[in-house]
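A short write-up of the structure that comes next.
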Amino acid sequence: MYQNQQNKYLQTSIQTASPAKLLIMLYDGAIKFSKLAIAAIEDKNYEAANTNIGKVQNIINEFMVTLDHKADIAKDLMKLYEYIMHRTSEANIKKDTQVMEEVIDLLQQLKETWVEASKSLNTNSKEIQYG
């Protein structure tokens, strides 16, 4: 029952979230799955490691597919996403936790950038609405 309530809460959170909030939630998920992959590698549970790295790759793939190529930063973001995909594949093949730590660092930096951009956007929206 508790799990069902959690799922409903998560579903409602996703359905009502702004695009920026959804992006941040996806980064949180990718970071979480990266950490789970590291733990699985350390436990020599390679099936779980593969599954969690696959989840990270699915999230990055979603970023790549939905990237607005008209945006000035799109080319650089695409290169970064491609690099992360390459590194996660490498980590999965070699079962290398250090590579996954690098991936986590990149994901956290990207997330922090979007958090700051979201705050800036919210501040500007409030100024427009109330200014």
Side-chain angles (χ1 to χ4, degrees):
M1 182 158 150
Y2 175 74
Q3 184 67 35
N4 192 25
Q5 288 175 333
Q6 258 189 322
N7 289 341
K8 284 182 182 179
Y9 173 77
L10 181 59
Q11 185 177 9
T12 302
S13 296
I14 291 169
Q15 290 173 341
T16 60
S18 68
K21 179 68 175 165
L22 282 174
L23 196 63
I24 293 164
M25 290 169 75
L26 285 169
Y27 277 111
D28 284 338
I31 292 164
K32 174 184 138 188
F33 295 129
S34 295
K35 290 177 179 179
L36 289 171
I38 289 170
I41 291 169
E42 289 171 345
D43 290 343
K44 300 196 182 328
N45 184 345
Y46 300 128
E47 185 177 341
N50 180 60
T51 298
N52 284 298
I53 290 172
K55 290 177 181 182
V56 174
Q57 291 173 326
N58 287 340
I59 292 169
I60 299 304
N61 187 58
E62 185 66 22
F63 291 155
M64 294 169 79
V65 169
T66 59
L67 188 61
D68 179 1
H69 293 279
K70 295 175 190 164
D72 294 336
I73 195 168
K75 194 177 210 179
D76 292 333
L77 274 174
M78 183 59 81
K79 287 179 185 176
L80 193 51
Y81 293 150
E82 288 170 348
Y83 178 76
I84 292 170
M85 290 294 272
H86 171 75
R87 294 300 277 165
T88 53
S89 293
E90 186 177 338
N92 203 10
I93 291 166
K94 295 180 179 179
K95 302 303 182 228
D96 189 331
T97 59
Q98 288 183 335
V99 174
M100 286 308 297
E101 291 288 352
E102 176 191 353
V103 167
I104 290 171
D105 288 342
L106 291 169
L107 292 169
Q108 287 177 326
Q109 289 175 36
L110 284 164
K111 176 191 167 192
E112 289 168 15
T113 300
W114 285 110
V115 167
E116 288 305 312
S118 176
K119 286 179 186 174
S120 175
L121 183 62
N122 287 338
T123 300
N124 290 339
S125 294
K126 288 177 184 169
E127 289 173 5
I128 292 168
Q129 291 174 354
Y130 302 111

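Computed over heavy atoms, backbone and side chain alike; hydrogens, waters and symmetry mates excluded.
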Looking only at heavy atoms, what is the nearest atom pair of [X] and [Y], with distance?
| X | Y | answer |
| --- | --- | --- |
| Ala49 | Ala40 | N-CB, 3.5 Å |
| Ser34 | Leu107 | OG-CD1, 3.8 Å |
| Ala74 | His69 | CB-CA, 3.7 Å |
| Asp96 | Ile41 | N-CD1, 4.2 Å |
| Ile24 | Lys111 | CG2-CE, 3.9 Å |

- Item | Qualifying residue, where the test is side chain to side chain contact (heavy atoms under 4.5 Å, CB included) with Thr88 and the options are Val103, Asn52, Ile93 |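 When side chain to side chain contact (heavy atoms under 4.5 Å, CB included) is applied between Thr88 and each of Val103, Asn52, Ile93, only Val103 qualifies.
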- Task: Have a look at Met85 and tell me which of Val56, Ile60, Leu80 forms a side chain to side chain contact (heavy atoms under 4.5 Å, CB included) with it.
- Result: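 In the set Val56, Ile60, Leu80, the residue that makes a side chain to side chain contact (heavy atoms under 4.5 Å, CB included) with Met85 is Ile60.
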Say you draw a straight line from [atom1] of [X] to [atom2] of [Y]; how long is it, rounded to the nearest 0.5 Å?
| X | Y | atom1 | atom2 | result |
| --- | --- | --- | --- | --- |
| Asp28 | Gln108 | CG | CD | 9.5 Å |
| Leu23 | Met25 | CG | CE | 11.0 Å |
| Arg87 | Gln57 | CZ | CD | 13.0 Å |
| Tyr83 | Glu90 | OH | CD | 8.0 Å |
| Ile104 | Ile84 | CD1 | CD1 | 11.5 Å |

Under 4.5 Å between side-chain heavy atoms, hopping through other hydrophobics if needed: is there a path connecting [X] to [Y]?
| X | Y | value |
| --- | --- | --- |
| Ile73 | Tyr27 | yes |
| Leu110 | Val99 | no |
| Met64 | Ile31 | yes |

- Look only at the side chain of Lys94 and the backbone of Ala91, and say whether a donor-acceptor pair between them is shorter than 3.5 Å.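 No, because the side chain of Lys94 does not come within donor-acceptor range (under 3.5 Å) of the backbone of Ala91.
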- Can Lys119 and Glu116 be counted as an ion pair, charged N to O under 4.0 angstrom?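 Yes, Lys119 and Glu116 are salt-bridged.
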- Query: Does atom NZ of Lys32 have more than 12 heavy-atom neighbours from other groups under 6.0 Å away?
  - Reply: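 Atom NZ in Lys32 is not crowded, with 12 or fewer foreign heavy atoms closer than 6.0 Å.
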